[in-house]
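Heavy-atom basis, side chains included; hydrogens, waters and symmetry copies ignored. Naming: A, B, ... by sequence-line order, numbering from 1 per chain.
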Amino acid sequence: MSALTQKPSFYITTPIYYPSDNLHIGHAYSTVASDSMARYKRLTGYDVWFLTGSDEHGQKIERAAQANSQTPKEYVDKIVDGFKRLWERLDVSYDDFIRTTDERHRIVVQKIFQQLYEQGDIYKAEYEGWYCTPCETFFTEYQLAEGKCPDCQRDVEKVREESYFFRQSNYADRWMKFIEENPDFIQPTSRRNEMISFVKQGLEDLCVSRTTFDWGIKVPFDPKHVVYVWVDALTNYISALGYGQGNDSLYKKFWPADIHLVGKDIVRFHTIIWPIMLMALNLPLPKKVIGHGWWMLDSGKMSKSKGNVVDPHVLADKYGVDAVRYFLLRELPLGADGIYSEEALVKRVNMDLANDYGNLLSRSATMMEKYQGGVLQSPGAPEGPDAELIDLAVSAPAKVEEYMSKCDLANALATIWQVVGRANKYLEETAPWSLAKGEQHERLNTVLYNVAEVIRFTTIMASPFMPNLPGRVWPQLGIADKSELQSWEACAGPACQLGPL
RNA sequence: CGCGGGAUAGAGCAGUUGGUAGCUCGUCGGGCUCAUAACCCGAAGUCGGGGGUUCAAGUCCCCCUCCCGCAACCA
């Protein structure tokens, strides 16, 4: 019986960001998109767990801290506080924030590393690379720029370093089989093809420890080694759920993850290394990894070193959180890069939010007030364009669901705005201002009722993307205290009709 | 000859199994007045170039040009 009342679970994660500097709108996009998915799933009846966090180890952090005469921990603490402030500012409803410096995380990483070593998936060997002494950095042969350091263009020397390696190559066949049997595992398909061809070229074993820096999790059986990024960072998705710890009820409930949402730059790690790690550990694989595109500037890629990053705090202050969220989610096409400009943001926000949606609300509210004293009357029989408007509104939730199931937020929003657009057109067609002059009260009631319902529908559907919208709209529709009219079921139930106000 | 994806109105994109080219923004023209000079309607494209198959090709085949991803230890 309890199974009947139990909600299905949904686990979604963002990447864990690297606190070498503050975050820009690219990171904000990943997180806000995940948040909208999480909110959408909560709205539609799922028991959701939404994880974000920070990946805090590594040489870069160690050096940055040194340069600031701080300990690495002091250094990252401050930046991670900034992360959390940004997510609060952007109304990101995460359920947990994992830091790779958390004790709960350290325990799991060491346990996994130990297990992989004991079962022979990790072995000691020598890592060979090119070292640039002035830059104190290792490079692979491929990274070199014509045999020189890609950063400073000086000569590099070949160095060997004792390292532990993960036997990735042993799992290539299993991986290929898994990918063939789960064609939707990697989204979009273009990324899937890239990963397949990458593995077909042959997988090399992966270097999973370092001795050249200390800021990291110690290899349990050989403490002069530090666990290198892969095993450390990727493990966050299960360590945060309590895997391998005393209380693993969250792990049992939410793993495997439904969606790992990541940027295209880290798709490979999430679709090859991570699944193979899980295979080696004999754990279930996540259901889907989605690699989204990047926000580009006219001047090219957004990067900290170019100093051309766009600060989300500034945008939120200037335009409002909902507007910034809407722009990011509406404007970046699924799987492709988008070009950011403040001009584009202003245009989109003015067009869609102010002119289309806002103006629809404004003109409707005015007419309801002016012609009906603010009390909406029951509708009469539908006629003229009523059916078309109602059909579009009533069928929208299913279309939104369809797009959301593919994580296509931009088209989900476009679907909602189609309804908004149709409603504005409907007002021109029915001209309630003329109906009022002509004393056609029943028809007037019907028209205003239909428009009010469309606003209610679209507001519910848009609420995961713009969490502050309902709070501003429900009072204007006079249903601020009628929660039964604000739920997803109130616009997407099986026998969905435009219900009474 | 590494693998893969693109080239469609000024811009950004849709175009299922081949049969009178669609969307958003911009531009130009018109309408309305409830609303935020808003909203609604209408106009403009020989689908990168060349050849072929077909009654018919943006949609299939061949060649060319140009863009863009991926090509491992940088999160």
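- Considering only side-chain N and O atoms, R191(A) lies nowhere under 4.0 angstrom from the phosphate OP1 or OP2 of G4(B).
- Residue whose closest nucleotide on RNA chain B sits further toward the 5' end, between S197(A) and L360(A): S197(A).
- The CG-P distance, from L206(A) to C73(B), rounds to 10 Å in whole Å.
- The partner of G48(B) is C64(B), judged by Watson-Crick or G-U wobble contacts that both fall below 3.5 Å.
- Atoms CD1 (I339(A)) and C1' (C67(B)) sit 13 Å apart, rounded to a whole Å.
- No option in F97(A), Y94(A), Y17(A) other than Y17(A) meets the ring pair (Phe, Tyr, Trp, His ring centres under 6.0 Å) test with W87(A).
- Among the protein residues, N359(A) comes within range of the nucleic acid bases, having at least one heavy atom under 4.0 Å from a base atom.
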Exercise. Would I455(A) and Q476(A) satisfy side-chain contact (heavy atoms from CB on, under 4.5 Å), going step by step from the backbone distance to the final call?
Worked result: CA-CA 10 Å; I455(A) 293 171; Q476(A) 294 204 57; over 6 Å; no
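- Look at CG on L332(A): it is 11 Å from P on C13(B), rounded to the nearest Å.
- Each of K347(A) and R422(A) has a nearest nucleotide on RNA chain B; the 5'-most of these lies closest to K347(A).
- Here M351(A) lies in heavy-atom contact (under 4.0 Å) with sugar-phosphate atoms only.
- Y426(A) has no side-chain polar atom (N or O) that falls below the 4.0 Å cut-off from OP1 or OP2 of C39(B).
- For S362(A), the listed nucleotide lying nearest its side chain is U36(B); candidates were U36(B), C34(B), A72(B).
- Taking the P atom of each, G4(B) and C40(B) are spaced 45 Å apart, rounded to whole Å.
- Checking each of F213(A), Y75(A), W215(A), W230(A) against H57(A) for a ring pair (Phe, Tyr, Trp, His ring centres under 6.0 Å) leaves exactly one that passes, namely W215(A).
- The minimum heavy-atom distance between R210(A) and Y228(A), with the atom names listed, is CG-CD1, 3.4 Å.
- When Watson-Crick and G-U wobble pairs are counted only if both distances are under 3.5 Å, C25(B) pairs with G10(B).
- For the pair E429(A) CD and C41(B) P, the interatomic distance rounds to 8 Å; values are reported in whole Å.
- Residue contacts shown for D205(A) include a base, since a base heavy atom lies under 4.0 Å away.
- As judged by a 4.0 angstrom heavy-atom cut-off over every strand, K200(A) is placed among residues making no nucleic acid contact.
- The residue from R99(A), R104(A), H105(A), R106(A) that alone fulfils the side chain to side chain donor-acceptor pair (under 3.5 Å) condition with D102(A) is R104(A).
- When both pairing distances are held under 3.5 Å, G2(B) makes a Watson-Crick or G-U pair with C70(B).
- T366(A) comes within 4.0 angstrom of sugar-phosphate atoms only, judged by non-hydrogen atoms across all strands, and of no base.
- The distance from atom CD of E56(A) to atom OH of Y18(A), rounded to the nearest 0.5 Å, is 10.0 Å.
- Residue G202(A) is classed as a base contact, given a heavy-atom separation below 4.0 Å to a base.
- The K60(A) side chain lies nearest to C74(B) when the options are A72(B), C34(B), C74(B).
- Salt bridge annotation for D214(A)-K224(A): absent, with no cationic side-chain nitrogen under 4.0 angstrom from a carboxylate oxygen.
- Residue K264(A) contributes atom NZ, which lies 12 Å from atom C1' of G5(B) at whole-angstrom precision.
- Residue contacts for Y17(A): at a heavy-atom cut-off of 4.0 Å it reaches no nucleic acid atom on any strand shown.
- Look at the P atom in both C25(B) and U59(B): the space between them is 29 Å, to the nearest Å.
- Residue contacts shown for R210(A) are limited to sugar-phosphate atoms, with no base heavy atom under 4.0 Å away.
- Atoms CZ (R348(A)) and P (G12(B)) sit 15 Å apart, rounded to a whole Å.
- The interatomic distance linking D337(A) (CG) with G5(B) (P) rounds to 18 Å, in whole Å.
- Figure legend. C39(B) is base-paired to G31(B); pairs are counted as Watson-Crick or G-U wobble with both atom distances under 3.5 Å.
- Rounded to an integer number of Å, the gap from M367(A) CE to C32(B) P is 17 Å.
- For K425(A), a side-chain nitrogen or oxygen approaches OP1 or OP2 of C41(B) to under 4.0 Å.
- When the side-chain nitrogen and oxygen atoms of N355(A) are compared with OP1 and OP2 of C39(B), one or more of them lie within a distance under 4.0 Å.
- Side-chain proximity of R363(A) to the nucleotides A72(B), C34(B), A75(B) is greatest for C34(B).
- Nucleic acid contact for L361(A): none, since no nucleic acid atom lies under 4.0 Å from a heavy atom of the residue.
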